[in-house]
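Before any comments, here is the structure.
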Number of protein chains: 2
Amino acid sequence: MDTIKPIHMIIRDYLLSNIQSGEYQPGGRLPTENELTKKFQTSRSPVRQALDTLRIQGVIYRHPGRGTFVSPNPGGSDAWTLTSIRDIIEQGFQTHFQLHDFTSGRTSEELDRIFRVKKGKFTRIRGVRLLKDQPLYFLNVFLPQKIGRKLRVIDIADCPVIVALEKKLNIRLKKCIQNISATLADPPLARILKVPNQSPLLSIERFYFTDNEETIEWASSFCRPDLYKYRSVLSRG
Amino acid sequence: MDTIKPIHMIIRDYLLSNIQSGEYQPGGRLPTENELTKKFQTSRSPVRQALDTLRIQGVIYRHPGRGTFVSPNPGGSDAWTLTSIRDIIEQGFQTHFQLHDFTSGRTSEELDRIFRVKKGKFTRIRGVRLLKDQPLYFLNVFLPQKIGRKLRVIDIADCPVIVALEKKLNIRLKKCIQNISATLADPPLARILKVPNQSPLLSIERFYFTDNEETIEWASSFCRPDLYKYRSVLSRG
DNA sequence: GAGTGGTCTAGACCACTGA
DNA sequence: CAGTGGTCTAGACCACTCT
């Protein structure tokens, strides 16, 4: 926490926490821009910036002449809504990670290609993420070894890997690209996830980037489709 | 086209088309805010609004002090990047739809729940979307019958259903919520998609909403994971 | 008519990067 | 140092909605 938070983020977080707490009900009306400028003693710009962020994430919707409203069903059902890196982090804190192994010194041409290096060495972290002792997904994370060796098992025991990178090593993740596909559970995966052999699995691959578009982490996960549904919101460009 | 396009959309489309045409190369630098304000004879606000939109969609990234750059690999590989409703529409135009059937008068309690009505009647459209004669996914669309009966087969022959709704019926779609999961191909689906029985399929369910958060269309699709990969971009909230 | 959000103007100060 | 993007101010006009 070396920098102060801009006003638009303060307003965004204020609204978000009031929506999550139920202060503003789904379908209910939010304060108008005018009211927010008065409440936070600011101008329209930061207020609109906060509201734009929430609208893009599908949290609210707005209608000229009528007002701003909370979108129905923000996360009510069993689906995980992931619209920003914040959501991935929050998901990590709401679930529990069971570490399988944590090894260093691995090499592969595929990893060289992903991280755009030559004959690199990498650290691999594998484990299962659980919700109430139910396995949600199997996770397979690769980091450049020069970064991975600075991490200890204790660092990733109670927080997501990306949070450990940010807090311990002060690496700021700026962007994440996801590829989503479907696959079948082979016998080891089936055993780990407690599903029948040859079950369908949701396969999510994530590339994490820093400020400079450097790839800093590659994660591949295999999710139980009955327990883990992926939800996203698209709006008008 | 009854309304004029705001400046920020003009700028956004200008940049987008120059990126897609290769005028601005991946990793290359875009004009600065200052240059864009001069080029379009406008102030910073609409310029920033255009750039913010593109950044959220992962098309560009920005760095204080350095400039604005085109993100690498915007859609280069075989994955479909869907970050807005525009992308879904564009995907529809880049592929071909083979209609299977188009029926009206269907009822079901599940549909009543989805469209928040009581004992409603619905129109169902089913078919396959192809790329170069290869089946990408099987599509199953439901609309309220009062809307569906205004559509003719010809209306959806050469454009996506959502475009037909907008052009023919002047219904403006504002938001789309997607649920993504994985499932297995049953024999009929396997035959249609030309994959082995019990193959894994990516299952994408989409709810389309109007201005007023009214559900106007429900679409369920089953995608071949080898030909259809779903990609999305997450950024810092 | 009063209020809403959408758009836009014309300034300002800041931290940061590169030469 | 001049230039970049990030943030913010204090206005303005518009189309739309509600009553």
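Protein chains get the first letters and strands the later ones, always in sequence-line order, with residue 1 at the start of each. If you're wondering where the values come from, they're calculated on a predicted model, not measured in any experiment.
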Return the value, rounded to whole Å, for the distance between atom CD of A/Q41 and atom P of D/dC8.
15 Å
Between CG of A/D52 and C1' of D/dT7 the distance, given in whole Å, is 15 Å
Search all heavy atoms of A/L173 against all heavy atoms of A/I85 and return the closest pair with its distance.
O-CD1, 4.3 Å
Select one nucleotide: of C/dG6, D/dG6, D/dC8, the one nearest the side-chain heavy atoms of B/R62.
D/dG6
Is A/H63 close enough to C/dT4 that one of its side-chain N or O atoms is under 4.0 Å from OP1 or OP2 there?
no
Any B/T32 side-chain N or O less than 4.0 Å from OP1/OP2 of D/dT4
yes
Taking the minimum atom-to-atom distance to the side chain of A/N34, which one of C/dT9, D/dC8, C/dT4 wins?
C/dT4
What stems show up for DNA chain C when you take Watson-Crick pairs (N1-N3 plus N6-O4 or O6-N4) and G-U wobbles (N1-O2, O6-N3), both under 3.5 Å, and require three or more consecutive pairs?
C:1-16 with D:3-18
Rounded to whole angstroms, how far apart are OH on B/Y61 and P on D/dG5?
13 Å
OP1 or OP2 of D/dG6 sitting under 4.0 Å from any side-chain N/O of B/R55?
yes
Between A/S43 and D/dG11, is there a side-chain N or O to OP1/OP2 distance below 4.0 Å?
no
Quick one: is C/dG6 close enough that its OP1 or OP2 comes under 4.0 Å of any side-chain N or O from A/R48?
yes
Regarding A/S45, tell me which of base, sugar-phosphate or nothing describes its non-hydrogen contacts under 4.0 Å with the strands shown.
base
Between A/T42 and D/dT9, does any side-chain N or O lie under 4.0 Å from OP1 or OP2?
yes
In whole angstroms, how far is the C1' atom of C/dG5 from the CD atom of A/E35?
13 Å
Residue of the set B/W218, B/F122, B/Y208 for which ring-ring contact (aromatic ring centres under 6.0 Å, His included) holds with B/F115:
B/F122
Salt bridge B/E33-B/R62, side-chain N to carboxylate O under 4.0 Å
yes
Taking only the side-chain nitrogens and oxygens of B/T68, find out if one of them lies under 4.0 Å from OP1 or OP2 of D/dT4.
no
Does the plane of the ring in A/Y14 sit parallel, tilted or perpendicular to the ring in A/F40? Use 30° and 60° as the thresholds.
perpendicular
Counting any heavy atom closer than 4.0 Å, what does B/I7 reach on the DNA or RNA strands: base, sugar-phosphate only, or nothing?
sugar-phosphate
Using distance alone, with no hydrogens and no angle criterion, decide if A/S232 and B/Q178 have a side-chain donor and acceptor under 3.5 Å apart.
yes
Euclidean distance, atom CD of residue B/Q49 to atom C1' of C/dG5 [Å, nearest integer]
12 Å
Can you tell which of D/dG6, C/dG5, D/dT7 lies closest to the side chain of A/E33?
C/dG5
So, does the side chain of A/R44 form a donor-acceptor pair with the base of C/dG6 at under 3.5 Å?
yes
Separation of B/I56 atom CD1 from D/dG6 atom C1', in whole Å?
14 Å
Between CG of B/L36 and P of C/dT9 the distance, given in whole Å, is 13 Å
Cationic N near anionic O, under 4.0 Å, B/R86 to B/D13:
yes
Can a cation-pi geometry be assigned to B/K174 and B/F209, taking NZ or CZ under 6.0 Å from the six-membered ring centre and within 45° of the ring axis?
no
Just the rounded figure in Å: distance from C1' of C/dA10 to NZ of B/K38.
15 Å
Using a strict threshold of under 4.0 Å (side-chain N to carboxylate O), is an ion pair present between B/D155 and B/K167?
no
